[in-house]
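We count residues from 1, following the sequence as given.
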Amino acid sequence: MSEQTIFHNAKLADGLLADLTVTSGRFSAVAPAGKAPPAGEGAIDPIIIDLDGQLVVPAFVEGHIHLDTSFYGDVWRPHIPCTNGFDVRERVAFQAQNLAAAAPMAERAKNQLELCIGNGSLAMRSHVMVDALVGLKHVETILAVREKYRDLIDIQLVAFPQNGILSSPGTAELLDEALKLGCDLVGGLDPASFDRDVKGHLDVVFALAQKHGAGVDIHLHDGGTLGLFQVEEIAARAKALGMAGHVVVSHAYGLGDIPANVLAKAGAMLAAAGVAIMTNAPGNHAFPPVAALRQAGVTVFSGSDNIRDSWWPYGDGDMLSRANMIGYRSGFYEDHELAAAFDVVTHAGAKALGLEDYGIVVGASADFIAMPAQHVPEAVVAVPKDRTVYRRGRAVASGGTILAR
């Protein structure tokens with residue numbers, strides 16, 4: 001017999017009140033309030049929950065995070081500034097220093113996961129460090145954590161060469177092994193400024209993606225025309241290999257400091273190649289113009305990136321707060337703009353991660369959030385914390401507190 005729950009009086013994003021029927025963890029009906037269909041044949045008496053007009057939205061998508069390097073829940077670690085402006089190599093060195101004295105990785109990853117779940121993220125993509133220094137230890141630990149939390153959150157893992165590929169001998173082979181172990185995507189890091197060989201770096205990344213049928217998600221911090229050049233090279237590879245929808249450039253700071261006419265061409269190129277852009281709207285960097293890229297047809301999504309780690313002390317694991325930040329930094333004021341910021345952390349994130357059963361629609365997994373807000377624009381501005389998070393139709397968190405592990 002199938003288990004069934006009917007959620008009465010859910011306010012949907014379009015403002016209409018609806019009754020949501022969940023059968024065996026999936027939406028089986030979305031009907032106007034008061035018109036939910038009777039229980040299906042073979043179903044036990046349904047559980048009835050009245051949401052009393054709360055706004056109901058799909059669970060958030062945490063599209064870019066680092067479960068292995070956060071210190072959330074660990075002792076406070078003061079930020080160490082770079083000696084001469086932002087420098088990736090120096091930050092990586094600080095990270096190694098801090099990790100050597102950190103609490104066990106599994107414990108820190110668990111703390112960060114529960115923070116994100118409590119705030120409503122039920123799908124996630126985490127980058128996990130792979131290099132000659134740490135080998136596969138990070139991957140093996142995070143794979144075990146993912147298995148432990150599989151009933152609460154869906155997690156994609158990116159094998160991430162934090163110390164480069166060509167400049168860290170043996171890393172290409174370790175990335176290969178990480179994909180065999182269960183990582184879903186292969187990553188990269190600043191092919192020009194870190195490895196100083198764009199072609200060689202991308203040759204390794206895309207060859208591994210083709211070998212394993214994996215996606216690609218590359219960290220790109222380089223700014224200006226150097227960053228743009230690498231974006232163009234990545235997009236050309238994606239198009240040539242027929243990988244539309246399976247390639248992401250994360251950060252892509254360079255897209256935020258080029259002229260508007262150049263950006264327009266870059267947006268058209270990215271859209272044609274099916275390459276998505278991830279931005280967390282960092283405070284001290286130019287970042288990809290969200291509205292202009294979306295207008296060009298580019299999928300733009302977001303993530304917390306680092307939470308209280310060696311890169312910065314910020315991060316709350318709340319993608320609604322991230323939508324607020326993106327809207328604020330982008331100058332989004334009108335309702336349709338605020339709705340776009342919300343889309344970046346929900347449907348656009350689901351598209352970038354290839355989630356096929358997402359949304360408040362029949363057939364989708366019943367992963368959703370109920371919160372006190374009149375509509376989506378108000379939710380983005382107010383960031384209400386009094387939310388209930390449902391995983392496959394069952395409450396798993398309320399007010400930021402995990403109800404089930």
Stepwise, does the side chain to side chain contact (heavy atoms under 4.5 Å, CB included) test hold for L152 with L122? CA-CA 7 Å; L152 290 180; L122 299 183; 5.8 Å; no

Ion pair present between E177 and K180, side-chain N to carboxylate O less than 4.0 angstrom?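 Salt bridge between E177 and K180, a charged N being under 4.0 Å from a carboxylate O: yes.
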
Under 4.0 Å between a Lys/Arg side-chain N and an Asp/Glu carboxylate O for E107 and K110? no

When rounded to the nearest 0.5 angstrom, what is the spacing between [atom1] in [X] and [atom2] in [Y]?
| X | Y | atom1 | atom2 | result |
| --- | --- | --- | --- | --- |
| T388 | L51 | OG1 | CG | 8.5 Å |
| I277 | L270 | CD1 | CG | 5.0 Å |
| I6 | I48 | CD1 | CD1 | 4.0 Å |
| M325 | S330 | CE | OG | 11.0 Å |
| D305 | R322 | CG | CZ | 7.5 Å |
| L338 | E378 | CG | CD | 11.0 Å |

So which heavy atom on [X] is nearest to which on [Y], and how close?
| X | Y | answer |
| --- | --- | --- |
| L174 | G135 | CD1-CA, 4.1 Å |
| L179 | L185 | CD2-O, 3.6 Å |
| T23 | S28 | OG1-OG, 2.8 Å |
| L320 | P384 | CD2-CD, 3.9 Å |
| F287 | V290 | CE1-CG2, 4.3 Å |
| P58 | I369 | O-CD1, 4.0 Å |

Any chance the side chains of T21 and Q4 put a donor and an acceptor closer than 3.5 Å?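 Looking only at side-chain atoms, Q4 and T21 do not form any donor-acceptor pair under 3.5 Å.
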
For the residue pair H285 and D257, confirm or rule out a side-chain donor-acceptor distance under 3.5 Å. no

Step by step, would you call R394 with T5 a side chain to side chain contact (heavy atoms under 4.5 Å, CB included)? CA-CA 9 Å; R394 294 187 177 188; T5 304; over 6 Å; no

Would you say that [X] contacts [Y] through its side chain, given a criterion of any heavy-atom pair below 4.5 Å between the two side chains?
| X | Y | result |
| --- | --- | --- |
| I155 | I142 | no |
| V56 | F7 | no |
| R391 | D154 | yes |
| V300 | P288 | no |
| V139 | L157 | no |
| N163 | T171 | no |
| L67 | V128 | no |
| Y72 | L115 | yes |

Y358/K351 under side chain to side chain contact (heavy atoms under 4.5 Å, CB included): CA gap, chis, key distance, verdict: CA-CA 9 Å; Y358 182 85; K351 182 178 180 181; over 6 Å; no

Using the rule given for side chain to side chain donor-acceptor pair (under 3.5 Å), can you reason through D190 versus H201, listing the C-alpha separation, both sets of side-chain angles and the distance that settles it, and then say yes or no? CA-CA 9 Å; D190 297 330; H201 188 102; over 6 Å; no

So, applying side chain to side chain contact (heavy atoms under 4.5 Å, CB included) with V30, which one of D19, L12, V361 is it?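 Exactly one option meets the side chain to side chain contact (heavy atoms under 4.5 Å, CB included) with V30, and it is L12.
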
State which residue, out of M129, H127, Q162, fulfils the side chain to side chain contact (heavy atoms under 4.5 Å, CB included) condition with H138.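 Result for side chain to side chain contact (heavy atoms under 4.5 Å, CB included) with H138: M129.
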
Using only atom types and a distance under 3.5 Å, with no angle test, would you say the side chain of [X] pairs donor to acceptor with the backbone of [Y]?
| X | Y | result |
| --- | --- | --- |
| S168 | G164 | no |
| N111 | D74 | no |
| S302 | T279 | yes |
| R77 | D309 | no |
| R125 | Q156 | no |
| D367 | R392 | yes |

Looking at residues at least two apart in the chain, or sitting in another chain, which of them share a salt bridge (Lys or Arg N to Asp or Glu O under 4.0 Å) with D195?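 D195 satisfies salt bridge (Lys or Arg N to Asp or Glu O under 4.0 Å) with no residue once adjacent residues are dropped.
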
May I ask you to check whether H64 and H251 place their ring centres under 6.0 Å from each other? yes

Would you confirm whether the ring centroid of F160 sits within less than 6.0 angstrom of the ring centroid of H66? yes

What residues, two or more places apart in sequence or in another chain, satisfy side chain to side chain donor-acceptor pair (under 3.5 Å) together with D335?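 Per chain and number, D335 pairs via side chain to side chain donor-acceptor pair (under 3.5 Å) with no residue.
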
Before giving the answer on side chain to side chain contact (heavy atoms under 4.5 Å, CB included), spell out for L181 and L143 the whole-Å C-alpha distance, their side-chain angles and the decisive distance to 0.1 Å. CA-CA 8 Å; L181 285 175; L143 280 169; 3.9 Å; yes

Please state whether the rings of F368 and Y390 are parallel, tilted or perpendicular, taking 30° and 60° as the class boundaries.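 Geometry flag for Y390 against F368: parallel rings.
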
Go through S321 and D316 one step at a time and tell me if the side chain to side chain donor-acceptor pair (under 3.5 Å) criterion holds. CA-CA 8 Å; S321 175; D316 60 3; 3.1 Å; yes

N84 atom CG: more than 12 heavy-atom contacts under 6.0 Å: no

Less than 3.5 Å apart, which donor and acceptor atoms pair up between the side chains of residues 222-236 and the rest of the protein, not counting sequence neighbours?
unit_1 : atom_1 : unit_2 : atom_2 : d
D222   : OD1    : S193   : OG     : 2.6
D222   : OD2    : S193   : OG     : 3.1
D222   : OD2    : Q230   : NE2    : 2.8
Q230   : OE1    : A192   : N      : 3.0
Q230   : NE2    : L226   : O      : 3.1

What's the verdict on salt bridge (Lys or Arg N to Asp or Glu O under 4.0 Å) for D318 and K385, showing C-alpha distance, side-chain angles and the deciding distance? CA-CA 9 Å; D318 185 352; K385 289 291 187 179; 2.7 Å; yes

